[in-house]
Structure formats: structure tokens, C-alpha cells
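Note that these values count all heavy atoms, side chains included, but never hydrogens, waters or copies made by symmetry.
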Amino acid sequence: MTVDLPDLAAMKGFGARIAERLEPGDVVALTGGLGAGKTTLAREIIAALGHDGEVPSPTFTIIETYDHLRLPLVHADFYRLEDPSEALEIGLDDYREGAALIAEWPDHAGGFEHEAGCLSITLETVGEGRQAIVKGGKAWQSRMP
């Protein structure tokens, strides 16, 4: 499925649709080049889940947690990982317990596409906007955004 995101309003709407359907155990795996909009989409999902305020990019902290939302959420940016085993070393599985995960640069953590609850989104720049190529795992088939 392809979703056109010509402006920030479209990105906000897409983030809200994902947030409506997000369940504990889900992974929103965001891929795309630098500046493709991964963190922007993550911020829109987090805002739609009820966060009011800034959403720092987890580029340096790797993991940010949000326990006060409609459902617990982990926002991770795996860009700086040099090996997928590092995701285990930082305790990713513990953070994910009962929470949803938004994963930027998921391939650096070994990927999540094998999980039924993975919603894979590849963001590409198209003119002034973006385009999202969306693939849902088995658990997403009846609730695609």
C-alpha cells in the first residue's frame, strides 16, 4: 500500500490513523534515508497517542519511553548501533514488555518484519512531500492505516 504525504497535515493524519490502531506488542518500523521524515512521523504518532509537549529524537539516547499514553510506547532510533546484538544488550526486550515500539532504522537492530505485529513503513521524498510504502504483518492485515 502506498500513502501520499504531500505536507505536514497529511503526515499528522497518517500518524493519527496508525495511533488509533496501535496495540501492545506492535512495532512500527520506519525506514528511509536521512531527512525522509521518520522522526516526524514518530512524533505525530506519539502526539496522537496523547503526548503533549516535545518529543526528543532518540538518536543519542537510543530509547525514549512514554508510559503515560493510551498504551505504553517505546521510541527507538537504532542508527548508532553497529551490530544487531547491541539491541539485546541495551535491554530492548524488557522495554517492549506490554508496550508498542516505534523503531527508526530497524535494520540496525536486526529488523522486525518477521513479527506478526510489524507495520513496516518506508518513507521516500517525493518533490516537496513524502510517500510512505506500507506493509503490514499478519496482525495488521485487518487494521491497516
Nearest 0.5 angstrom please: E97 CD to L92 CG, how far?
11.5 Å

Shortest non-hydrogen contact from A29 toward P106:
CB-CG, 3.8 Å

Indicate yes or no: at least one non-hydrogen side-chain atom of L30 is less than 4.5 angstrom from one of V28.
yes

Under the ring pair (Phe, Tyr, Trp, His ring centres under 6.0 Å) definition, can you give me all pairs with a residue in residues 3-54, not counting sequence neighbours?
H51-Y66, H51-H68

For a salt bridge (charged side-chain N to carboxylate O under 4.0 Å, His left out) check, start with the C-alpha distance between R96 and E115, then their side-chain angles and the critical distance, and finish with the verdict.
CA-CA 13 Å; R96 290 186 64 187; E115 296 184 20; 2.7 Å; yes

Spacing of OG1 belonging to T59 relative to CG belonging to D77, to within rounding of 0.5 Å:
4.0 Å

Treating W140 as the side-chain partner and K135 as the backbone partner, does any N or O pair qualify as donor plus acceptor under 3.5 Å?
no

Can you confirm whether Q141 is buried at CD, in the sense that more than 12 heavy atoms of other residues, nucleotides or ligands lie under 6.0 Å from that atom?
yes

Hydrophobic cluster identity match, V55 and V74, side-chain contacts under 4.5 Å
no

With a 4.5 Å cut-off on side-chain heavy atoms, are I63 and H75 touching?
no

Which pair of heavy atoms, one from Y79 and one from H108, lies closest together, and at what distance?
O-ND1, 3.0 Å

Of all the heavy-atom pairs spanning S57 and R43, show the shortest one and how long it is.
N-NH2, 3.7 Å

Working note: V3 + R17, criterion side-chain contact (heavy atoms from CB on, under 4.5 Å); need CA distance, chi angles, decisive distance, verdict.
CA-CA 12 Å; V3 178; R17 291 192 305 276; 3.9 Å; yes

Rounded to the nearest 0.5 Å, what's the gap from CG on D52 to CD1 on I46? Could you check?
13.0 Å

Do E86 and F78 have side chains that get closer than 4.5 Å, going by heavy atoms?
no

Do V134 and S120 have side chains that approach each other closer than 4.5 Å (heavy atoms only, starting at C-beta)?
no

Residue that, paired with I102, satisfies side-chain contact (heavy atoms from CB on, under 4.5 Å) out of I18, I45, L41
I45

Heavy-atom side-chain contact between L73 and T65 under 4.5 Å:
no

Determine whether L101 and F112 make a side-chain contact, defined as any pair of heavy atoms from C-beta on separated by less than 4.5 Å.
yes

Of all heavy-atom pairs linking P58 and A76, the shortest is CG-C, 4.0 Å

Polar side-chain atom of R70 near backbone of G50 as donor-acceptor pair, under 3.5 Å
no

With a 4.5 Å heavy-atom cut-off, do L123 and T40 have their side chains touching?
no

Mind checking what makes salt bridge (charged side-chain N to carboxylate O under 4.0 Å, His left out) contact with R143, not counting sequence neighbours?
E23, D26

Counting C-beta onward and ignoring hydrogens, is there a side-chain heavy-atom pair between E104 and T31 closer than 4.5 Å?
no

As an exercise, state the distance from CD of Q131 to OG1 of T125, rounded to the nearest 0.5 Å.
10.5 Å

Tell me the closest heavy-atom pair linking L22 and L71, and the distance in Å.
O-CD2, 4.0 Å

Does I62 offer a backbone N or O that forms a donor-acceptor pair with the side chain of R80 under 3.5 Å?
no

R130 side chain to L5 backbone, donor-acceptor under 3.5 Å
no

Work out which heavy atom in A103 is nearest to a heavy atom in V27; give both atom names and the distance.
CB-CG1, 4.4 Å

Is the backbone of G33 close enough, under 3.5 Å, to the side chain of K38 for a donor and an acceptor to pair up by distance?
yes

